[in-house]
*Asks:* 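Here it is, the structure, as C-alpha cells.
Scope of the values below: all heavy atoms of this structure, side chains included, with no hydrogens, waters or symmetry mates. The structure displayed is predicted, hence computed values, not measured ones. So you know, we letter chains A, B, ... as the sequences are listed, proteins then strands, and number each from 1.
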2 protein chains.
Amino acid sequence: MLSQKTKYALKALLYLAQQDINHISKTTDIAESANIPKKFLEQILLDLKRGHLVGSKQGKLGGYYLLKSGNEITLADIHRLFDGAIALLPCASLNFYERCSDCKDESECLLRHGLMTIRDETLKAMQGITIASLVKK
Amino acid sequence: MLSQKTKYALKALLYLAQQDINHISKTTDIAESANIPKKFLEQILLDLKRGHLVGSKQGKLGGYYLLKSGNEITLADIHRLFDGAIALLPCASLNFYERCSDCKDESECLLRHGLMTIRDETLKAMQGITIASLVKK
DNA sequence: TATAAATTCTATAAAAATAGTAGAATTAAA
DNA sequence: TTTAATTCTACTATTTTTATAGAATTTATA
C-alpha cells in the first residue's frame with residue numbers, strides 16, 4: 001500500500017499537471033484543492049524538489065511547478081522516491097537491494113526468484129502509469 | 001514490501017511443503033531450519049491456522065502440516081492474510097475496500113482507475129506464484 | 001496416572017515508521 | 001519596508017511492527 005505521503009505527492013503532481021504551462025502554484029492552493037494538510041504538503045513538495053520532479057520559485061508570487069512533463073513521471077518514480085523499493089523484499093530489489101538478515105544463503109533462497117518475477121511485472125505496470133495518463137482519464 | 005511476518009509465513013509454508021506427506025512438523029524444527037524467532041513463529045502458525053492454510057495436532061508429537069496442496073496456496077493469499085490489500089490504496093482494493101478519508105468525491109478521483117489497473121496486473125502476477133512453484137525452483 | 005512435550009491463549013513491551021506540527025530563517029515582488 | 005511565499009530544522013504523537021513472557025491446555029507414552 002502507498003503511504004499517505006505518497007498519495008499526497010501524487011495528488012499534488014496531478015494538480016500541477018492540470019495547470020497552464022508556466023503557471024506557478026502556491027502550496028496553499030494545492031493543499032486546499034487536493035485536501036492535504038498544508039504543513040505536511042510543504043515537506044512533500046520539498047521532497048519532490050529534491051527528486052527533481054518539481055521546481056520552485058521563492059518569495060512573493062513564488063510556488064511550485066513541474067520540471068518534467070507529465071508523461072515522463074511514472075508511478076514507479078514516485079513510489080521509489082517516497083515508499084522506496086517496488087520489490088516485495090529488499091533482496092529482490094533493483095534500486096534498493098539489501099540482504100535479508102535472516103537469510104542463510106541467498107543463492108539457496110526459494111523466495112527470491114519468484115519475488116523478482118513479481119517485481120518485473122509490477123514495475124512494468126507501474127511504469128505504464130504516468131501523471132499524464134492519469135490526468136487524461 | 002512484505003513485512004517480516006509475511007516473509008516468515010512464506011518460509012514456514014515452504015518448509016512444510018518440502019516435508020513428506022502426512023509428516024507433522026514441530027514449531028521448533030521450522031524455526032531452526034528457517035531461522036525464525038520461535039515465539040514469533042508460534043503466532044504466525046496460529047494465524048496460518050486461522051486462515052485455514054495449515055492444520056495442527058496438539059500435545060506431545062503435535063505440530064503443524066499443510067491443509068492445502070502447495071499449488072493451491074498463492075502469494076496473493078499469504079499477502080492478503082498478513083499484509084492485507086494488494087492494491088496500492090484501499091479505495092482500489094477488491095478485498096479490503098475503504099474510502100479515502102481525504103477524497104472529496106471518489107468518482108472524480110484521477111488516481112483510482114490507474115491504481116486498479118496496477119492492482120489487476122499485480123494480482124495476476126501474485127496468483128501465478130504458488131508455494132509449489134517456489135519449491136520446484 | 002504421572003510426566004514430558006507439544007500447541008494455544010492473553011498480555012505486554014520495545015523499536016521503528018508514519019503522519020503531522022511549530023516556528024524561525026530566507027527570499028523576492030511591489 | 002512590507003508582504004507573502006519557500007526553506008530548514010526540530011519536535012511530537014500515534015500507529016504498526018516485531019517480537020517476548022508465561023500460564024493453560026492437550027495428548028502420547030512410560
*Asks:* For residues 100-124 of chain B, run the donor-acceptor check on the side chains, cut-off 3.5 Å, and write out each pair with its distance to 0.1 Å, sequence neighbours left out.
*Replies:*
unit_1, atom_1, unit_2, atom_2, d
B:Asp102, OD1, A:Lys7, NZ, 2.6
B:Asp102, OD2, A:Lys11, NZ, 2.4
B:Lys104, NZ, A:Glu32, O, 3.0
B:Lys104, NZ, A:Ser33, O, 3.1
B:Asp105, OD1, B:Ser107, N, 3.1
B:Asp105, OD1, B:Ser107, OG, 2.9
B:Asp105, OD2, B:Ser107, OG, 3.3
B:Glu106, OE1, B:Tyr97, OH, 3.0
B:Glu106, OE2, B:Tyr97, OH, 2.8
B:Arg112, NE, B:Cys91, O, 2.6
B:Arg112, NH2, B:Cys91, O, 3.2
B:Thr117, OG1, B:His113, O, 3.1
B:Arg119, NH1, B:Ala92, O, 2.8
B:Thr122, OG1, B:Ile118, O, 2.9

*Asks:* Side chain of A:Arg50, heavy atoms from C-beta onward: which of D:dC8, C:dG20, C:dC9 has the nearest atom to it?
*Replies:* D:dC8
*Asks:* Measuring from the side chain of A:Pro37 (C-beta onward, heavy atoms only), which nucleotide among D:dT18, C:dT7, C:dG20 has the closest atom?
*Replies:*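 The closest nucleotide is C:dG20.
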*Asks:* Could you pull out the closest heavy-atom pair between A:Asn35 and A:Tyr8, with the gap in Å?
*Replies:* O-CE2, 4.4 Å
*Asks:* For D:dT7, does either OP1 or OP2 sit under 4.0 Å from a side-chain N or O belonging to A:Tyr64?
*Replies:*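 For D:dT7, OP1/OP2 do have a side-chain N/O of A:Tyr64 under 4.0 Å.
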*Asks:* Tell me which of A:Lys38 and A:Asp83 sits closer to the 5' end of DNA chain C, going by the nucleotide each one is nearest to.
*Replies:* A:Asp83
*Asks:* Scan residues 19-32 of chain A against DNA chain C and write down, sorted by residue number, each residue with any heavy atom closer than 4.0 Å; if none is found, say none.
*Replies:*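 Nucleic-acid contacts, sorted: none.
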*Asks:* Give a yes or no on whether the backbone of B:Lys39 and the side-chain of B:Gln43 come within a donor-acceptor separation of less than 3.5 Å.
*Replies:*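 Not at all, since once roles are kept as given, no pair shorter than 3.5 Å links the two residues.
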*Asks:* Distance check, rounded to the nearest 0.5 Å: A:Ile129 atom CD1 versus B:Leu88 atom CG?
*Replies:*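 Separation between the atoms: 10.0 Å.
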*Asks:* Base, sugar-phosphate, or nothing: which does A:Phe82 touch, judged by heavy atoms less than 4.0 Å apart?
*Replies:* nothing
*Asks:* Is A:Tyr8 near enough to C:dA19 that one of its side-chain N or O atoms lies under 4.0 angstrom from OP1 or OP2?
*Replies:*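 Negative; the distance criterion is not met.
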*Asks:* Return yes if a side-chain donor-acceptor contact under 3.5 Å exists between A:Asp83 and A:Ser3, otherwise no.
*Replies:* yes
*Asks:* For D:dA5, does OP1 or OP2 lie under 4.0 Å from any side-chain N or O of A:Ser56?
*Replies:* no
*Asks:* Does atom NE2 (B:His23) have a neighbourhood of more than 12 heavy atoms from anything else shown, all under 6.0 Å?
*Replies:*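 Above 12, so yes.
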*Asks:* Working to the nearest 0.5 Å, report the span between CZ of A:Phe96 and CD1 of A:Ile86.
*Replies:*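 Taking CZ in A:Phe96 and CD1 in A:Ile86, the distance rounds to 8.0 Å.
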*Asks:* Determine, for nucleotides 21-30 of chain D in 5'-to-3' order, which nucleotides have protein heavy atoms under 4.0 Å from the base (write B), from only the sugar-phosphate (write S), or from neither (write -).
*Replies:* BB---BBBS-
